[in-house]
Protein chains: 2
Amino acid sequence: MKASSLHGHLDALILSVVEDGPLHGYAIIEALRARSDGALDLPTGTVYPALRRLERTGHLRSEWSNVAGRDRRTYRLTTGGKQALATQRGEWREFRDVVSAVLGTA
Amino acid sequence: MKASSLHGHLDALILSVVEDGPLHGYAIIEALRARSDGALDLPTGTVYPALRRLERTGHLRSEWSNVAGRDRRTYRLTTGGKQALATQRGEWREFRDVVSAVLGTA
DNA sequence: GGCGATATGTAGACTGGCGACATGTTGTCA
DNA sequence: TGACAACATGTCGCCAGTCTACATATCGCC
């Protein structure tokens, strides 16, 4: 699937997979792939900048750790992030319904 | 609704409203607004460039006319445009289902 | 030693939607 | 007559966000 069509919806997807528990970047990419049955295979150049953006806006917070000799930056949802996710879920539903209605793909 | 989330989906929406019969730019904007119950209110700076793009790629063809003293450029779907619309409807369905699945907004 | 998987990141290009602007006509209302 | 909304088309430059390609490093396996 063309991930470029995600434009503007990626943030919600990331927040959504982190909702179930803290994850580091690489694991987030895998979680998105798993949850979408392989349809979403996002490049690191897309995800890592998005994570820093989400941290900058206060929706995520990160913490470094080392697991089996590998450095990990683990992200978790903030309170603001939870609210943002709820808002964005609502916006997604509206967007989805509007586009489906216009396209006649209800 | 934030129309910026349209990114990449606008072409399909335009092709879809033109599918029912030739329309000029201004009427396309109105048709999108009507079909979406007011949710889609696109600025001319978005729609007109998109129409020229769609004509450049051969999905639309245009013709000038004059109605009640006003110049109109009326667009209609080409054969290629019909095929493109069918393809994009399929892509939309997939995109919609994937995002809904990940967000849990099924 | 090499390679694939794990892990993070940046730089620059490209695309597309948006706000602001520019232009002109028609119809309406005071 | 003059102002203003609606009709109608279009451009320009900005900006946000995604992608490609690159850079770096560890671990486990063969």
Side-chain angles (χ1 to χ4, degrees), chain A residues 1-15 18 22-34 36 39-57 59-60 62-75 88 91 95 98-99, chain B residues 1-15 18 22-34 36 39-57 59-60 62-75 88 91 95 98-99:
Chain A
M1 201 183 76
K2 274 183 261 166
S4 59
S5 44
L6 282 178
H7 217 100
H9 304 290
L10 177 59
D11 288 8
L13 296 176
I14 291 176
L15 295 178
V18 177
L23 287 177
H24 61 286
Y26 194 85
I28 289 172
I29 292 174
E30 287 186 317
L32 288 170
R33 187 167 41 230
S36 65
L40 284 177
D41 196 5
L42 305 180
T44 64
T46 293
V47 175
Y48 286 112
L51 289 171
R52 315 191 111 242
R53 203 165 60 229
L54 287 166
E55 186 165 22
R56 209 171 55 238
T57 56
H59 296 154
L60 292 179
S62 73
E63 219 171 65
W64 283 98
S65 62
N66 187 288
V67 178
R70 286 192 177 94
D71 284 335
R72 285 180 176 175
R73 173 178 264 182
T74 302
Y75 292 89
Q88 287 176 35
E91 285 171 358
F95 172 77
V98 164
V99 174
Chain B
M1 199 185 77
K2 274 183 261 164
S4 59
S5 43
L6 281 178
H7 224 286
H9 304 289
L10 177 60
D11 288 8
L13 295 175
I14 291 176
L15 294 178
V18 177
L23 287 176
H24 61 285
Y26 194 86
I28 289 171
I29 292 173
E30 288 186 316
L32 287 170
R33 186 166 43 231
S36 65
L40 285 176
D41 196 4
L42 304 181
T44 63
T46 292
V47 176
Y48 286 111
L51 289 171
R52 314 192 111 240
R53 205 165 58 229
L54 287 166
E55 186 165 23
R56 209 172 54 238
T57 55
H59 296 154
L60 292 179
S62 74
E63 218 170 66
W64 283 98
S65 62
N66 188 288
V67 177
R70 286 192 177 95
D71 284 336
R72 284 181 176 175
R73 173 178 265 186
T74 302
Y75 292 89
Q88 287 176 35
E91 285 170 357
F95 172 77
V98 164
V99 174

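Chain identifiers are assigned alphabetically (A, B, ...) following the order of the sequence lines, protein sequences preceding nucleic acid strands; residue numbering begins at 1 within each chain.
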Q: Reading DNA chain C from 5' onward, which residue's closest nucleotide shows up sooner: B:T44 or A:R73?
A: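 Of the two residues, A:R73 wins.
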Q: May I ask you to evaluate whether B:R52 reaches the phosphate of D:dT9, defined as a side-chain N or O under 4.0 Å from OP1 or OP2?
A: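 No, no such contact exists.
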Q: To the nearest Å, give me how far apart NE2 (B:H7) and P (C:dC18) are.
A: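 After rounding, the reported distance stands at 9 Å.
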Q: Base, sugar-phosphate, or nothing: which does B:A68 touch, judged by heavy atoms less than 4.0 Å apart?
A: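 Touches sugar-phosphate only.
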Q: Let's see if you can work this out: which of D:dT11, D:dC7, C:dT10 has an atom nearest to the side-chain heavy atoms of B:Y26?
A: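 When the side chain of B:Y26 is considered, D:dC7 is the closest of D:dT11, D:dC7, C:dT10.
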Q: Take B:Y75 and A:A50, find for each the nucleotide of DNA chain D with the closest heavy atom, and name the residue whose nucleotide sits nearer the 5' end.
A: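 It is B:Y75, whose closest nucleotide lies nearer the 5' terminus.
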Q: State whether the number of non-hydrogen atoms from other residues, nucleotides or ligands found under 6.0 Å of A:E30 atom CD is greater than 12.
A: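 For A:E30, atom CD is crowded (more than 12 foreign heavy atoms under 6.0 Å).
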Q: Which is more 5' along DNA chain C, the nucleotide nearest A:T46 or the one nearest A:D71? Just name the residue.
A: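 The residue closer to the strand's 5' end, by nearest nucleotide, is A:D71.
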Q: Does a donor on one side chain and an acceptor on the other come within less than 3.5 Å for A:S62 and A:E55?
A: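 A:E55 and A:S62 do have a side-chain donor-acceptor pair below 3.5 Å.
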Q: Identify whether any heavy atom of B:G45 sits under 4.0 Å from a base atom; if not, whether one sits that close to sugar-phosphate; answer base, sugar-phosphate or nothing.
A: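 Base: the residue B:G45, judged by heavy atoms under 4.0 Å, touches a nucleobase.
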Q: Contact class for A:L42 vs. all strands (heavy atom < 4.0 Å): base, sugar-phosphate, or nothing?
A: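 It contacts nothing in the nucleic acid.
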Q: Quickly work out the A:R53 CZ to D:dC19 P distance and round it to whole Å.
A: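 It works out to 11 Å between those atoms.
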Q: Within the structure, does a side-chain N or O atom of B:H24 lie under 4.0 Å from either OP1 or OP2 of D:dA8?
A: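 Yes.
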Q: To check you understand the geometry: which heavy-atom pair defines the closest contact between A:I29 and A:L42, and what is its length?
A: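 Shortest heavy-atom contact: CG2-O, 3.7 Å.
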Q: What is the distance, to the nearest angstrom, from the CG atom on B:D41 to the P atom on D:dC7?
A: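 Rounded to whole Å, this separation is 12 Å.
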Q: Expressed in angstrom and rounded to an integer, what is the separation of A:I29 atom CD1 from D:dC19 atom P?
A: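 The distance from CD1 of A:I29 to P of D:dC19 comes to 11 Å, rounded to the nearest Å.
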Q: Rounded to whole angstroms, how far apart are CG on A:L10 and P on D:dA16?
A: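 Going from CG in A:L10 over to P in D:dA16 covers 16 Å.
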Q: From CD of A:Q88 over to P of D:dG17, roughly how many Å is that when rounded to an integer?
A: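 Rounded to whole Å, this separation is 11 Å.
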Q: Please confirm whether the shortest side-chain N or O distance from B:R70 to OP1 or OP2 of D:dA6 is below 4.0 Å.
A: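 So the side-chain polar atoms of B:R70 never come under 4.0 Å of the phosphate oxygens OP1 or OP2 of D:dA6.
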Q: Mind calculating the distance between CG (A:L6) and P (D:dC19) to the nearest angstrom?
A: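 Going from A:L6 (CG) to D:dC19 (P), I get 7 Å.
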Q: Which heavy atom in A:V18 sits nearest to a heavy atom in A:Y75, and how many Å separate them?
A: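 Smallest interatomic distance, heavy atoms only, reads CG1-O, 3.6 Å.
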Q: Which of parallel (below 30°), tilted (30 to 60°) and perpendicular (above 60°) describes A:H7 and B:H7?
A: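 Aromatic pair A:H7/B:H7 classed parallel.
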Q: How long is the line joining OH of A:Y48 and C1' of D:dA23, in whole Å?
A: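 Between C1' of D:dA23 and OH of A:Y48: 14 Å.
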